[in-house]
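From a predicted model like this one, the values you see are computed outputs, not experimental measurements. For the numbers below, each heavy atom of this structure counts, side chains included, while hydrogens, waters and symmetry mates do not.
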Amino acid sequence: GRCEELLAAKPHYILINIGANDSKDGEWRYTDADGEYKRNLRRFAADAEAIGAEIIFITLNQRLVFDKTGKARAPDRIPYTKAMKEVAAELGKVCVDLSAMHSELLESLGEKQATYLFRINDDGKLDRSHYSRPGAIRLAEMIAAGLKRSDSSIKQHLR
């Protein structure tokens, strides 16, 4: 019911960043990136248009996962970022590539130095998926920077 609540509020802008849970193969919330996930993105865009809102797609952030070459990439999220970019291009909608910006940040810091951006669980273990306050602030700054560089009219509201 949250989507209906959002649409009923008739916002001017809807920023959509989904796919982290969709990418969890084997779980009830899994969706295929090129199938149901893309259909959902198109439906959300149509719903936004129906109420006169501008939808802005924001690709997935990264987890603290590095591949063998030192690139910050969560392999299960790659198809969802690609699918979102494709749908945004197909529909002519703004797409902020948070995935690329976040990878660049993590790679510039390196795995060990980047840990401060991620939450420490109650058991004292590093949570490589969820963010600490500084990590959340950095993500928000990257999203704002991407919006400022976009073709969206939302940038007039940003400093």
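In this structure, L6 is a member of the same hydrophobic cluster as I51, with clusters built from ILVMFWY side-chain heavy atoms closer than 4.5 Å. Under the 4.5 Å side-chain contact rule for hydrophobic residues, F44 and I56 do not share a cluster. By the criterion of side-chain heavy atoms lying less than 4.5 angstrom apart, applied directly or through intervening Ile, Leu, Val, Met, Phe, Trp or Tyr residues, L139 is grouped together with F118 in one hydrophobic cluster. Criterion: ILVMFWY side-chain heavy atoms under 4.5 Å apart, direct or through other members. Under it, L106 and I58 are part of a common hydrophobic cluster.
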Side chain to side chain contact (heavy atoms under 4.5 Å, CB included) for F66 and E107? Distances and angles first, verdict last.
CA-CA 8 Å; F66 285 75; E107 291 162 12; 4.2 Å; yes

Begin with the C-alpha distance, continue with both residues' side-chain angles, and end with the deciding distance and a verdict on side chain to side chain contact (heavy atoms under 4.5 Å, CB included) for V94 and I154.
CA-CA 11 Å; V94 171; I154 198 171; over 6 Å; no

Walk me through whether N61 and R77 qualify under side chain to side chain contact (heavy atoms under 4.5 Å, CB included).
CA-CA 9 Å; N61 49 288; R77 292 188 177 193; 3.6 Å; yes

Starting from the C-alpha separation in whole Å, work towards a yes-or-no answer on side chain to side chain contact (heavy atoms under 4.5 Å, CB included) for E49 and L91.
CA-CA 11 Å; E49 192 171 304; L91 301 176; over 6 Å; no

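For residues 79-113, the ring-ring contact (aromatic ring centres under 6.0 Å, His included) pairs, not counting sequence neighbours, are Y37-Y80, H102-Y131.
Proximity of V87 to K38: side-chain heavy atoms (C-beta onward) are separated by under 4.5 Å at one or more points. In this structure, the side chains of V96 and S152 stay at 4.5 Å or more apart for every pair of heavy atoms. Side-chain contact between I143 and N17 is absent, with no heavy atoms from C-beta onward closer than 4.5 Å. Side chains of T31 and R39 form no contact here, defined as non-hydrogen atoms less than 4.5 Å apart. Between M142 and L105, some side-chain heavy-atom pair lies under the 4.5 Å cut-off. When side chains are defined from C-beta on, I120 does not count as touching K125, because their heavy atoms never get closer than 4.5 Å. You'll find the side chain of K85 stays beyond 4.5 Å of the side chain of F57, heavy atoms only.
Under the 4.0 Å criterion applied to side-chain N and carboxylate O atoms, R42 and E90 are assigned as salt-bridge partners. Salt-bridge check for E36 with R43: failed, with every basic side-chain N at 4.0 Å or more from each acidic carboxylate O. Salt bridge absent: D22 and R29 never bring a charged side-chain N and a carboxylate O closer than 4.0 Å. With respect to R138 and E141, a salt bridge is recorded, a charged nitrogen being found less than 4.0 Å from a carboxylate O. A salt bridge links R128 with E111: the closest approach of a Lys/Arg side-chain nitrogen to an acidic carboxylate oxygen falls below 4.0 angstrom.
Looking at T81, its side chain never comes within 3.5 Å of a backbone N or O of I78 through a donor-acceptor pair. D67 contributes a side-chain N or O that, together with a main-chain N or O of G70, makes up a donor-acceptor pair within less than 3.5 Å. Checking side-chain atoms of E54 against main-chain N and O of I14 turns up no donor-acceptor pair under 3.5 Å. In this structure a side-chain-to-backbone donor-acceptor pair under 3.5 Å is present from S103 to A72. Looking only at distances, a side-chain donor or acceptor of T59 sits under 3.5 Å from a matching main-chain atom of L98.
At most 12 non-hydrogen atoms from other residues, nucleotides or ligands lie less than 6.0 angstrom from NZ of K71. No more than 12 heavy atoms of other residues, nucleotides or ligands shown are found within 6.0 angstrom of CG on D122. Applying the 6.0 Å contact sphere to CD of Q113 captures no more than 12 heavy atoms from other residues, nucleotides or ligands.
Here the shortest heavy-atom pairing between K148 and K155 reads O-CD, 3.4 Å. Considering all non-hydrogen atoms of both residues, R63 and A74 come closest at NH1-CB, 3.5 Å. The heavy-atom pair separating C95 from M84 by the smallest distance is SG-CG, 4.4 Å.
With values rounded to the nearest 0.5 angstrom, D76 atom CG is found 9.0 Å from L60 atom CG. In this structure, OG in S99 is found 13.5 Å from NZ in K82, a value given to the nearest 0.5 Å. Going from atom CG of L126 over to atom CG of N121 covers 8.0 Å, rounded to the nearest 0.5 Å. In this structure, NZ in K112 is found 13.0 Å from CG in L64, a value given to the nearest 0.5 Å. From R119, atom CZ reaches atom OG of S132 across 10.0 Å, with rounding to the nearest 0.5 Å. Taking CZ from R2 and CG from L7, the interatomic distance works out to 14.0 Å, rounded to the nearest 0.5 Å.
The side chain to side chain contact (heavy atoms under 4.5 Å, CB included) test with K93 is passed by exactly one of L41, D151, I16, I55: I55.
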